[in-house]
Amino acid sequence: MTNETITRIRKFTEDRDWDQFHSPANLAKSIVIEAAELLECFQWNEEAYDLEHVKEELADVMVYSQNLLDKLGLDADEIINAKMTKNEAKYPVEKAKGSAAKYTEL
């Protein structure tokens, strides 16, 4: 996300005084709820979905994720790159390419 988008998310929350409701647990719950709503877009048909609805639910997941990053004082780039480093070690290209197997089964 751009800094402009992150600033907009923060201002939206601040203007409404919603930070008081944003405990880490509440934000984690909200992410799961919105992710379930995203999954619901594909519930009965994986090909014929409403892209606009998918975009809205995905945006909700991302907004709550940014709120949780802020609440915990985390940087998205830092934690994503740390996780990618671990994933690259667990799933080396020569073993994982083209495979859906879990790293313990490679």
Side-chain angles (χ1 to χ4, degrees):
M1 267 186 276
T2 66
N3 286 335
E4 181 180 335
T5 301
I6 293 169
T7 299
R8 187 173 185 185
I9 293 168
R10 289 173 178 161
K11 183 175 181 343
F12 180 88
T13 301
E14 183 180 313
D15 286 351
R16 288 154 183 80
D17 193 26
W18 285 354
D19 188 61
Q20 63 182 312
F21 308 116
H22 287 180
S23 69
N26 284 347
L27 290 167
K29 292 172 198 175
S30 295
I31 292 167
V32 170
I33 291 164
E34 294 300 339
E37 291 177 12
L38 174 60
L39 183 58
E40 188 177 33
C41 294
F42 304 98
Q43 185 173 8
W44 303 115
N45 190 326
E46 294 181 18
E47 286 89 33
Y49 53 85
D50 179 348
L51 183 58
E52 285 306 309
H53 191 195
V54 169
K55 289 172 15 179
E56 288 179 10
E57 299 305 338
L58 184 55
D60 287 340
V61 170
M62 295 172 72
V63 167
Y64 278 124
S65 295
Q66 182 59 54
N67 286 333
L68 185 55
L69 286 164
D70 286 344
K71 182 58 71 171
L72 297 175
L74 300 173
D75 177 83
D77 288 327
E78 184 179 310
I79 67 171
I80 289 169
N81 282 307
K83 180 62 175 176
M84 291 305 299
T85 297
K86 289 179 181 181
N87 287 346
E88 289 162 354
K90 289 191 324 190
Y91 295 96
V93 173
E94 61 275 4
K95 290 184 179 180
K97 188 170 185 173
S99 173
K102 188 172 179 174
Y103 69 94
T104 55
E105 298 173 6
L106 292 175

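Since this is a predicted model, take the numbers as computed values, not measurements.
In the hydrophobic clustering of this structure, Val63 does not group with Val61; members are Ile, Leu, Val, Met, Phe, Trp, Tyr whose side-chain heavy atoms approach within less than 4.5 Å, directly or through other members. Residues Val32 and Tyr64 do not share a hydrophobic cluster, defined by chaining ILVMFWY side chains whose heavy atoms lie under 4.5 Å apart. Criterion: ILVMFWY side-chain heavy atoms under 4.5 Å apart, direct or through other members. Under it, Leu51 and Leu58 are part of a common hydrophobic cluster. Transitive grouping of hydrophobic side chains (ILVMFWY, heavy atoms separated by less than 4.5 Å) keeps Trp18 and Ile31 in distinct clusters. Clustering ILVMFWY residues whenever any of their side-chain heavy atoms sit less than 4.5 angstrom apart, transitively, puts Leu27 in the very cluster that holds Ile79.
Once rounded to the nearest 0.5 Å, the distance linking CE of Met1 with CZ of Arg8 reads 12.5 Å. One finds the CG atom of Leu69 at 10.5 Å from the CE atom of Met62 (value rounded to the nearest 0.5 Å). For the atom pair Asn67 CG and Arg10 CZ, the distance stands at 9.5 Å (nearest 0.5 Å). Considering NZ of Lys71 and NE2 of His22, their distance stands at 8.0 Å, rounded to 0.5 Å. Summarising the geometry, atom NZ belonging to Lys95 is positioned 12.5 Å from atom OH belonging to Tyr91; distances are rounded to the nearest 0.5 Å. To the nearest 0.5 Å, atoms OG1 (Thr13) and CZ (Phe21) are separated by 11.5 Å.
Residue-environment remark: CZ (Phe42) exceeds the threshold of 12 foreign heavy atoms within 6.0 Å. Enclosure of atom CD in Glu4 is not indicated, since only 12 or fewer non-hydrogen atoms of other residues, nucleotides or ligands lie within 6.0 angstrom. More than 12 heavy atoms of other residues, nucleotides or ligands sit less than 6.0 Å from atom CD of Gln43.
Between Glu105 and Lys102, none of the side-chain N atoms (NZ, or NE/NH1/NH2) sits under 4.0 Å from a carboxylate O, so this pair counts as no salt bridge.
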> Tyr103 and Asn87: side-chain contact (heavy atoms from CB on, under 4.5 Å), yes or no, with the steps?
Replying inline: CA-CA 9 Å; Tyr103 69 94; Asn87 287 346; over 6 Å; no
>> With side-chain contact (heavy atoms from CB on, under 4.5 Å) as the criterion, how do Asp50 and Cys41 come out once you've worked through the C-alpha distance, each side chain's angles and the decisive distance to 0.1 Å?
In response: CA-CA 7 Å; Asp50 179 348; Cys41 294; over 6 Å; no
> Stepwise, does the side-chain contact (heavy atoms from CB on, under 4.5 Å) test hold for Gln66 with Ile6?
Replying inline: CA-CA 7 Å; Gln66 182 59 54; Ile6 293 169; 3.7 Å; yes
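No side-chain donor from either of Glu78 and Asn81 sits under 3.5 Å from a side-chain acceptor of the other.
Smallest separation of non-hydrogen atoms from Lys90 and Leu106: O-CD1, 4.0 Å. Closest of all the heavy-atom pairs between Leu72 and Pro24 is CD2-CG, 3.8 Å.
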